[in-house]
Number of protein chains: 2
Amino acid sequence: MRIDFTPHHLAIFLAVIRTGSFSRAAVECGLSQPALSRTIQAIEDALGQRLFDRTTRHLDLTPTGRELHPIAERLVTEFDSAFDELAEFIAGRRGRIVVAALPSVCAVLLPRAIAAFRADHPGVDVLIRDGLAGSVADAITGGRADLGLTVRPLPEAHLSYRTLLADEFGLVCRADDPLAGSTPIPWAVFGTRNFIAMHPTSSVRAMTDAAFLQAGIAVRPLYECAFLGTTGNLVAAGLGITALPRLTLPLTGAGGLAWRPLVEPSLQRALGVLTRVGRTLSPAASQFVAVLASVAASA
Amino acid sequence: MRIDFTPHHLAIFLAVIRTGSFSRAAVECGLSQPALSRTIQAIEDALGQRLFDRTTRHLDLTPTGRELHPIAERLVTEFDSAFDELAEFIAGRRGRIVVAALPSVCAVLLPRAIAAFRADHPGVDVLIRDGLAGSVADAITGGRADLGLTVRPLPEAHLSYRTLLADEFGLVCRADDPLAGSTPIPWAVFGTRNFIAMHPTSSVRAMTDAAFLQAGIAVRPLYECAFLGTTGNLVAAGLGITALPRLTLPLTGAGGLAWRPLVEPSLQRALGVLTRVGRTLSPAASQFVAVLASVAASA
DNA sequence: TAATTCCATGCGCCATGCGCATAGACTTTA
DNA sequence: TAAAGTCTATGCGCATGGCGCATGGAATTA
């Protein structure tokens with residue numbers, strides 16, 4: 001007779017050894033004595049060997065039982081620790097999350113979220129890959145990242161997007177610029193001043209272009225910067241003004257700048273979580289999204 | 001839902017990974033596709049997590065599945081190798097046998113039996129503890145030896161004895177002794193010559209005393225030797241004659257001795273296997289007994 | 001649009017595992 | 001010496017779970 005051994009079988013065997021009695025082992029295992037007795041018999045039948053030499057008064061391991069003893073101990077321990085380990089992962093207490101994010105998110109939202117998350121999940125590593133909107137989406141599509149933190153992408157069948165917060169566009173000028181005094185400021189202002197643009201592949205540029213279109217003005221970019229730091233320094237140097245979402249301001253790295261809300265149109269850059277549809281998130285990643293949402297809500 | 005995971009569950013999980021398909025995995029596992037599908041679902045329900053992101057066209061591990069993968073591999077391997085190991089033991093190809101035996105058996109029967117046994121069972125170690133009849137029986141009673149090779153002991157409830165061979169008593173004298181010419185020789189001969197006896201605790205002494213009683217003669221031992229080598233040398237020196245079972249002759253260690261069958265009564269010392277009742281022998285030990293029996297039969 | 005290929009699900013069957021009651025063996029106690 | 005007590009084994013019936021068969025439903029291909 002060939003049965004499929006389970007850790008349960010082995011645990012029962014070990015309980016008999018530990019207690020030195022079928023009845024006591026049955027109590028310990030939460031079974032009736034007949035059930036336990038038959039489980040031992042089933043193992044013995046499967047092995048073709050007795051495990052215990054037993055009478056009503058005596059119970060001893062047979063040589064085969066003695067041989068199985070350490071094996072059973074090892075297997076049960078292995079099983080338990082393996083599933084404990086897995087349970088840690090499922091509980092979100094262990095794992096690795098790869099987050100692809102826009103530089104601005106990396107600079108502002110992510111650090112706070114990671115700090116809050118790691119406080120509760122010290123066993124989870126969070127890896128960051130920063131990049132522009134296109135590369136974030138590619139990382140998600142290609143499976144190189146679990147989560148993307150980016151602007152709303154063009155709708156695509158296998159991408160799922162959930163907005164976390166709206167980052168408002170505003171004018172960025174020198175603090176001593178007269179514009180810094182009036183608020184709010186219409187986008188039309190860029191028709192009268194030098195505009196320092198971001199690089200055409202950036203998500204900010206796509207939105208400023210759209211705003212100009214909506215405001216009905218034609219703006220000729222004076223510079224096209226790949227990095228916000230460059231943009232900030234150009235503005236600080238008095239070479240022109242620009243429009244940036246509020247959260248990107250710290251990335252300009254320049255002092256003496258003012259940010260004032262822009263209207264007509266009032267424009268917000270949606271920042272959110274990008275995932276791949278049909279791909280289950282790890283428990284840790286799901287919980288990280290929740291932390292992100294609460295951090296974004298309190299921002 | 002909490003199920004009892006078995007290596008079978010894990011093997012099915014691994015088969016799906018290996019084949020990249022539920023249907024192919026089902027074939028590989030000798031199951032129907034629905035059965036396999038439900039087994040995976042059962043694991044997923046138990047863990048509260050999907051293991052595969054699957055459509056009819058695509059199958060991918062989820063993070064939890066990826067986490068379980070190496071764990072499952074390890075556990076299945078552990079289980080297999082553990083039971084392979086146990087199977088070796090049960091087949092009698094691995095193990096350790098402790099044999100307690102009389103010196104004469106150690107010298108004559110055991111070496112041949114061990115040689116024959118080890119040729120077929122290179123993985124089994126055979127340990128020998130030699131001692132007189134009493135200590136052999138004690139070793140069995142006390143569980144310090146698996147098998148005893150000794151004379152038939154006094155019947156005792158927990159000892160089981162099985163005769164392997166009958167070792168015939170004969171006269172031992174110098175080869176140039178006139179007695180060496182006549183055969184068979186009656187025990188009464190010891191009434192007319194100096195008798196060199198074995199020590200009172202030895203099994204041989206018990207039998208020679210009984211023979212004298214049966215032959216109706218009174219014999220006064222000249223010496224009482226603990227070792228057969230001493231006895232042999234005393235005989236060789238011409239100090240007397242003695243009676244020994246045939247198989248003990250090589251242990252006398254003396255040259256120039258003759259052995260002639262004794263009659264009136266003709267006496268045989270039974271040599272056999274002593275075991276403890278109610279104590280299962282290891283598979284290797286059982287097989288060793290079989291080898292002993294066949295070696296004894298051909299002796 | 002039809003055919004094909006997968007995975008999921010409804011259904012019924014049967015083996016397995018369980019508890020209850022009790023038998024049987026052995027020891028202890030009166 | 002007999003009765004009581006303790007421990008494992010077994011008969012029995014029930015519920016659960018695992019399985020195969022048939023089929024549904026979704027995605028892809030011809």
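Numbers restart at 1 for each chain; the letters A, B, ... are given by sequence-line order, proteins then strands.
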ask   = Taking only residues two or more places apart in sequence or in another chain, which ones pass salt bridge (Lys or Arg N to Asp or Glu O under 4.0 Å) with Arg279(A)?
value = Asp60(B)
ask   = Any side-chain N or O of Arg54(B) under 4.0 Å from OP1/OP2 of dA26(D)?
value = no
request  = Could you state the atom-to-atom distance from CZ of Arg24(B) to P of dT5(C) in whole Å?
outcome  = 12 Å
request  = Hey, could you give me each pair passing ring pair (Phe, Tyr, Trp, His ring centres under 6.0 Å) that has a residue in residues 120-139 of chain B? Not counting sequence neighbours.
outcome  = Phe117(B)-His121(B)
key: Asp4(A) CG to dT16(C) P, straight-line distance once rounded to whole Å   = 12 Å
Any Ser23(B) side-chain N or O less than 4.0 Å from OP1/OP2 of dT5(C) = no
note = The side chain to side chain contact (heavy atoms under 4.5 Å, CB included) partners of Thr201(B) (sequence neighbours excluded) come to Leu132(B), His199(B)
ask   = Are any side-chain N or O atoms of Arg93(B) and backbone N or O atoms of Ala91(B), one a donor and one an acceptor, separated by less than 3.5 Å?
value = no
Could you give the side-chain donor-acceptor pairs of residues 70-77 of chain B under 3.5 Å, partners two or more places apart or in another chain?
| residue | atom | partner | partner atom | Å |
| --- | --- | --- | --- | --- |
| Glu73(B) | OE2 | His69(B) | NE2 | 3.1 |
| Thr77(B) | OG1 | Glu73(B) | O | 2.7 |

key: All pairs passing salt bridge (charged side-chain N to carboxylate O under 4.0 Å, His left out) where residues 12-24 of chain A contributes a residue, at least two apart   = Arg18(A)-Glu28(A)
ask   = Crowded around His58(A) NE2? As in, over 12 foreign heavy atoms under 6.0 Å?
value = no
Which donor-acceptor pairs under 3.5 Å do the side chains of residues 95-105 of chain B make with protein atoms, sequence neighbours left out?
| residue | atom | partner | partner atom | Å |
| --- | --- | --- | --- | --- |
| Ser104(B) | OG | Arg269(B) | NH2 | 3.0 |

key: Rounded distance (Å) that lies between atom P of dT8(D) and atom CG of Asp53(A)   = 14 Å
Residues in contact with DNA chain C, drawn from residues 6-18 of chain A - heavy-atom cutoff 4.0 Å = His8(A)
ask   = Taking CG from Asp45(B) and P from dG18(D), how many angstroms apart are they, rounded to a whole number?
value = 11 Å
request  = Using whole Å, report how far NE2 of His158(B) lies from C1' of dC26(C).
outcome  = 17 Å
Under 3.5 Å, which N/O atoms of the protein pair with N/O atoms of nucleotides 10-16 of chain D?
| residue | atom | partner | partner atom | Å |
| --- | --- | --- | --- | --- |
| dG11(D) | O6 | Arg38(A) | NH2 | 2.8 |

Contact list for residues 121-136 of chain B, test salt bridge (charged side-chain N to carboxylate O under 4.0 Å, His left out), sequence neighbours left out = Arg118(B)-Asp125(B)
task = Provide, to the nearest angstrom, the distance between the CG atom belonging to Leu59(B) and the P atom belonging to dC7(C).
result = 6 Å
query = Over how many whole Å does the gap from Glu44(B) atom CD to dC7(C) atom C1' extend?
reply = 12 Å
request  = Starting at atom CG of Leu36(B), determine the distance to atom P of dG18(D), rounded to an integer number of angstrom.
outcome  = 13 Å
inquiry  = Is there a side-chain contact between Thr55(A) and the phosphate of dT27(C), meaning an N or O under 4.0 Å from OP1 or OP2?
reply    = no
